[in-house]
Amino acid sequence: MKELQPLNENVLLDITEGKEEQKTAAGIIIPDTAKEKPQYAKVVAIGNVENPGIIVGDTVFYKKFSGTEFEFESKKYLMVPYADLLAKIVETEEI
(Lines give C-alpha, C1' and ligand atoms only; values in the text may rest on other atoms or scores of the structure.)
Protein backbone atom coordinates (compact mmCIF):
# COMPACT_ATOMS: atom_id res chain seq x y z
CA MET A 1 0.00 0.00 0.00
CA LYS A 2 1.28 3.45 -0.89
CA GLU A 3 0.91 6.44 1.38
CA LEU A 4 1.44 10.15 0.80
CA GLN A 5 3.51 11.92 3.45
CA PRO A 6 3.87 15.71 3.14
CA LEU A 7 7.34 17.16 3.44
CA ASN A 8 8.38 20.44 5.08
CA GLU A 9 5.46 22.58 6.27
CA ASN A 10 2.83 21.16 3.91
CA VAL A 11 -0.59 19.71 4.65
CA LEU A 12 -2.36 17.09 2.51
CA LEU A 13 -6.10 17.64 2.06
CA ASP A 14 -8.68 15.23 0.60
CA ILE A 15 -10.78 17.11 -1.98
CA THR A 16 -12.52 14.08 -3.49
CA GLU A 17 -16.06 15.18 -4.26
CA GLY A 18 -19.22 13.16 -4.68
CA LYS A 19 -20.25 12.49 -8.27
CA GLU A 20 -23.90 13.53 -7.83
CA GLU A 21 -25.33 15.76 -10.55
CA GLN A 22 -26.58 19.19 -9.63
CA LYS A 23 -29.61 20.62 -11.36
CA THR A 24 -31.29 24.00 -11.37
CA ALA A 25 -34.94 24.37 -10.39
CA ALA A 26 -35.80 24.21 -14.11
CA GLY A 27 -34.00 20.86 -14.46
CA ILE A 28 -30.85 22.09 -16.23
CA ILE A 29 -27.77 20.03 -15.28
CA ILE A 30 -24.87 22.16 -14.03
CA PRO A 31 -21.53 20.88 -15.43
CA ASP A 32 -18.53 20.43 -13.13
CA THR A 33 -16.66 23.21 -14.93
CA ALA A 34 -19.33 25.74 -13.93
CA LYS A 35 -19.37 24.80 -10.25
CA GLU A 36 -17.32 26.75 -7.75
CA LYS A 37 -15.06 24.41 -5.79
CA PRO A 38 -15.37 24.48 -2.00
CA GLN A 39 -12.52 26.00 -0.01
CA TYR A 40 -12.63 23.46 2.78
CA ALA A 41 -11.39 19.89 3.02
CA LYS A 42 -10.42 17.12 5.42
CA VAL A 43 -6.81 16.87 6.62
CA VAL A 44 -5.21 13.58 5.54
CA ALA A 45 -1.60 14.16 6.61
CA ILE A 46 0.56 16.91 8.10
CA GLY A 47 4.23 17.54 7.30
CA ASN A 48 6.88 18.85 9.67
CA VAL A 49 4.88 21.61 11.39
CA GLU A 50 5.69 22.70 14.93
CA ASN A 51 2.52 22.97 17.09
CA PRO A 52 0.13 22.71 14.11
CA GLY A 53 -3.20 23.33 15.86
CA ILE A 54 -4.84 20.73 13.60
CA ILE A 55 -4.84 16.94 13.51
CA VAL A 56 -5.56 14.35 10.84
CA GLY A 57 -9.32 14.19 10.35
CA ASP A 58 -9.99 17.89 11.01
CA THR A 59 -11.80 19.94 8.38
CA VAL A 60 -10.01 23.15 7.45
CA PHE A 61 -10.74 26.26 5.39
CA TYR A 62 -7.93 27.28 3.01
CA LYS A 63 -7.04 30.16 0.65
CA LYS A 64 -8.87 30.12 -2.67
CA PHE A 65 -5.97 29.71 -5.12
CA SER A 66 -3.65 27.80 -2.84
CA GLY A 67 -1.82 24.54 -3.26
CA THR A 68 -1.35 21.91 -5.92
CA GLU A 69 -4.19 19.60 -6.97
CA PHE A 70 -3.40 16.06 -8.02
CA GLU A 71 -4.92 12.58 -8.20
CA PHE A 72 -3.43 9.59 -6.37
CA GLU A 73 -4.97 6.12 -6.42
CA SER A 74 -8.28 7.45 -7.80
CA LYS A 75 -8.72 10.14 -5.10
CA LYS A 76 -8.25 13.88 -5.50
CA TYR A 77 -5.88 15.67 -3.14
CA LEU A 78 -4.63 19.19 -2.54
CA MET A 79 -1.17 19.83 -1.09
CA VAL A 80 -1.11 23.25 0.58
CA PRO A 81 1.45 25.12 2.67
CA TYR A 82 0.45 25.20 6.33
CA ALA A 83 0.50 29.02 6.18
CA ASP A 84 -2.36 28.94 3.62
CA LEU A 85 -4.79 27.35 6.08
CA LEU A 86 -7.15 30.01 7.35
CA ALA A 87 -9.34 28.23 9.90
CA LYS A 88 -10.36 24.93 11.44
CA ILE A 89 -14.06 24.15 11.13
CA VAL A 90 -15.44 22.91 14.47
CA GLU A 91 -18.85 21.78 15.65
CA THR A 92 -20.32 23.87 18.45
CA GLU A 93 -23.53 23.69 20.43
CA GLU A 94 -26.15 26.37 20.11
CA ILE A 95 -26.92 28.36 23.24
Side-chain angles (χ1 to χ4, degrees):
M1 180 175 170
K2 295 179 183 176
E3 181 179 284
L4 291 169
Q5 295 179 346
L7 300 175
N8 303 318
E9 292 187 351
N10 290 304
V11 178
L12 182 64
L13 305 176
D14 184 354
I15 57 169
T16 305
E17 298 175 24
K19 298 293 181 185
E20 63 274 355
E21 290 182 339
Q22 286 188 334
K23 294 182 181 181
T24 64
I28 298 171
I29 296 174
I30 302 171
D32 288 340
T33 55
K35 296 177 191 173
E36 188 169 334
K37 294 182 181 182
Q39 288 177 250
Y40 54 89
K42 184 180 278 192
V43 175
V44 176
I46 304 169
N48 187 21
V49 178
E50 191 173 323
N51 302 320
I54 56 170
I55 59 171
V56 172
D58 282 347
T59 301
V60 294
F61 185 70
Y62 56 89
K63 290 182 180 179
K64 189 168 191 147
F65 298 108
S66 178
T68 302
E69 270 188 50
F70 62 95
E71 196 167 317
F72 181 74
E73 295 188 349
S74 72
K75 291 186 99 179
K76 288 186 178 182
Y77 294 100
L78 182 68
M79 187 74 71
V80 298
Y82 179 75
D84 285 354
L85 299 180
L86 301 173
K88 178 169 71 170
I89 300 172
V90 296
E91 291 287 328
T92 59
E93 294 182 24
E94 289 188 34
I95 298 175

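Here the structure is a predicted model, which means the values were calculated and not measured.
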Distance-only donor-acceptor hits, side chain of residues 52-63, under 3.5 Å, sequence neighbours excluded:
from: Asp58; atom 1: OD2; to: Ile55; atom 2: N; distance (Å): 2.9
from: Tyr62; atom 1: OH; to: Pro38; atom 2: O; distance (Å): 3.2

Sequence-distant partners of [X], side-chain hydrogen bond (donor to acceptor under 3.5 Å, both in side chains), two or more places apart:
X     : answer
Glu69 : Lys37
Glu3  : Gln5
Asn48 : none
Glu71 : none

- Task: For Leu13 and Val43, run side-chain contact (heavy atoms from CB on, under 4.5 Å): C-alpha distance rounded to whole Å, both residues' side-chain angles, the deciding distance at 0.1 Å, then the answer.
- Result: CA-CA 5 Å; Leu13 305 176; Val43 175; 3.9 Å; yes
- Query: Under the 4.5 Å side-chain heavy-atom rule for ILVMFWY, direct or indirect, which residues accompany Leu4?
  - Reply: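 Leu4 shares its hydrophobic cluster with Leu12, Val44, Phe70, Phe72, Tyr77, Met79.
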- Task: Output the distance between atom CG (Leu78) and atom CD (Gln39), rounded to the nearest 0.5 Å.
- Result: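 Those atoms lie 11.0 Å apart.
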- Looking only at heavy atoms, what is the nearest atom pair of Ile15 and Ala41, with distance?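 Heavy-atom minimum between the residues: CG2-CB, 3.8 Å.
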- Query: Which atoms form the tightest heavy-atom contact between Asp14 and Lys76, and what is the distance?
  - Reply: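 Heavy atoms of Asp14 and Lys76 come nearest at OD1-O, 3.3 Å.
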- Message: Under 4.5 Å between side-chain heavy atoms, counting indirect links through other Ile/Leu/Val/Met/Phe/Trp/Tyr residues: same cluster for Val80 and Val49 or not?
- Response: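 Val80 clusters together with Val49.
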